[in-house]
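The structure under discussion appears below in the form of structure tokens.
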Amino acid sequence: MAQLTVHAPRGATLLGGGELAPQDLAEALTHAPDLVAADSGAAAALAAGLMPRAVIGDMDSLTLADQARLAPGILHHVPEQDSTDFDKVMARIDAPFALGVGFLGARVDHQLAGMNTLVRNAHLPCLLVGAFDIIFVAPREATIALSEGTRVSLFPLAPISGRSEGLHWPIEGLAMTPAGQHGTSNRVAAGQSAIRLSVDAPGLLVILPRAALAAALRALRDAPPWPSPAP
């Protein structure tokens with residue numbers, strides 16, 4: 001049987017079951033109007049008066065009562081336990097970009113798993129939105145409009161090297177690794193209104209203040225994508 005693919009040409013908002021501020025979901029939907037829930041994210045959608053286009057997951061967290069409230073045909077049970085519900089959703093989305101809400105905050109293990117999913121699916125530009133931060137995988141090249149002094153943290157989940165312009169501490173010449181050199185608490189240099197990043201492989205997380213959402217999303221949409229993994 002062919003694997004489900006949810007086509008979201010206008011961008012997908014992916015909704016998880018973690019901490020969620022109503023304004024985050026509302027803002028995400030203004031940028032990416034096609035709503036797809038990961039398992040118990042469907043309960044959050046229903047609580048907000050929204051019906052997702054699809055609900056994907058192993059359904060170990062979505063109550064039978066909430067499942068019964070979903071429109072016919074939108075619940076897609078993926079029973080395997082070798083991947084997270086976020087993995088399952090990302091593997092089934094066809095979209096130019098995605099915004100993820102409800103994947104940050106609360107349990108640290110869930111947050112780490114979500115960041116792992118971002119890196120392994122770097123071909124689909126996806127930006128996670130939290131209460132204080134946004135997180136995404138650095139594209140091969142990106143220019144992000146940010147005001148002087150804005151916090152820019154760079155954390156590698158794989159061995160990474162790259163180049164930067166506009167950062168107070170440039171990254172050129174650094175060999176960044178998860179257990180070694182990283183770039184947390186960098187910032188936009190004095191007199192600069194944008195940064196430019198160029199990296200040699202997918203795996204560098206960019207962490208910015210929540211207020212940078214619109215600028216970061218523009219940069220992601222304009223950036224050349226990472227290639228899809230080989231089948």
Side-chain angles (χ1 to χ4, degrees), residues 4-57 59 61-63 66-67 69-76 78 84-106 110-111 113-115 117-118 121-137 139 142 144-146 206-223 225:
L4 164 76
T5 300
V6 179
H7 299 283
R10 300 176 296 170
T13 289
L14 313 181
L15 180 56
E19 290 185 1
L20 175 68
Q23 63 268 25
D24 290 341
L25 178 56
E27 183 174 358
L29 288 169
T30 65
H31 296 291
D34 290 320
L35 179 62
V36 179
D39 202 323
S40 61
L46 293 171
L50 301 170
M51 185 61 65
R53 283 192 51 195
V55 179
I56 301 168
M59 305 308 157
S61 303
L62 186 63
T63 67
D66 281 332
Q67 291 183 38
R69 295 173 61 196
L70 297 170
I74 70 170
L75 193 152
H76 303 279
V78 184
T84 68
D85 291 319
F86 187 25
D87 285 313
K88 294 176 174 65
V89 171
M90 288 285 279
R92 291 163 175 82
I93 293 294
D94 174 22
F97 67 95
L99 290 174
V101 292
F103 295 100
L104 297 178
H110 285 174
Q111 294 182 79
M115 295 172 201
T117 296
L118 287 183
N121 294 272
H123 61 285
L124 171 54
C126 181
L127 190 155
L128 297 185
V129 181
F132 303 102
D133 295 310
I134 58 173
I135 303 175
F136 57 94
V137 175
I144 311 172
L146 298 168
V206 182
I207 307 170
L208 300 174
R210 172 69 173 73
L213 172 59
L217 183 57
R218 283 194 298 270
L220 275 183
R221 297 184 69 177
D222 290 343

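Side chains included, hydrogens not; waters and symmetry mates left out as well; all remaining heavy atoms used.
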- Task: For the pair V137 and V206, evaluate side-chain contact (heavy atoms from CB on, under 4.5 Å) and give the outcome as yes or no after the intermediate values.
- Result: CA-CA 6 Å; V137 175; V206 182; over 6 Å; no
- Verdict with reasoning, L14 to F103, per side-chain contact (heavy atoms from CB on, under 4.5 Å): CA-CA 9 Å; L14 313 181; F103 295 100; 4.1 Å; yes
- Could you go step by step and tell me if H31 and L29 meet the side-chain contact (heavy atoms from CB on, under 4.5 Å) rule? CA-CA 5 Å; H31 296 291; L29 288 169; over 6 Å; no
- Intermediate values then yes/no, side-chain contact (heavy atoms from CB on, under 4.5 Å), V6 and D94: CA-CA 6 Å; V6 179; D94 174 22; over 6 Å; no
Would you list the atom pairs, donor with acceptor, under 3.5 Å between side chains in residues 215-223 and any protein atom, with sequence neighbours excluded?
none

Side chains of residues 35-52: which donor-acceptor pairs under 3.5 Å do they make with residues two or more places apart or in other chains?
unit_1 : atom_1 : unit_2 : atom_2 : d
D39    : OD1    : S61    : N      : 3.4
D39    : OD1    : L62    : N      : 3.1
D39    : OD2    : M59    : N      : 3.0
D39    : OD2    : D60    : N      : 3.2

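Residues P33 and R10 have side chains in contact (heavy-atom distance under 4.5 Å, counting atoms from C-beta outward). The side-chain heavy atoms of L128 and F86, taken from C-beta on, include a pair separated by under 4.5 Å. Counting only heavy atoms from C-beta outward, the side chains of D85 and I56 never approach each other to under 4.5 Å. Taking the side chain as every heavy atom from C-beta outward, D34 and P9 approach each other to under 4.5 Å.
Looking at T5, its side chain never comes within 3.5 Å of a backbone N or O of R92 through a donor-acceptor pair. Between the Q111 side chain and the G105 main chain, a donor and an acceptor come within less than 3.5 Å of each other.
Rounding to the nearest 0.5 angstrom, the gap separating the CG atom in L15 from the CG atom in L99 is 12.0 Å. Between the CG atom in L124 and the OG1 atom in T117 there is a gap of 11.5 Å [rounded to 0.5 Å]. The line from CD1 of I144 to CG of L208 is 5.5 Å long, rounded to the nearest 0.5 Å.
In terms of heavy-atom proximity, P225 sits nearest to H123 at CB-O, 4.4 Å. The two atoms that bring R53 and A8 nearest to each other are NH1-CA, 3.9 Å, heavy atoms only.
Every residue two or more places apart in sequence or in another chain that forms a side chain to side chain contact (heavy atoms under 4.5 Å, CB included) with R210 is listed here: D24, E27, V129, I134, L213.
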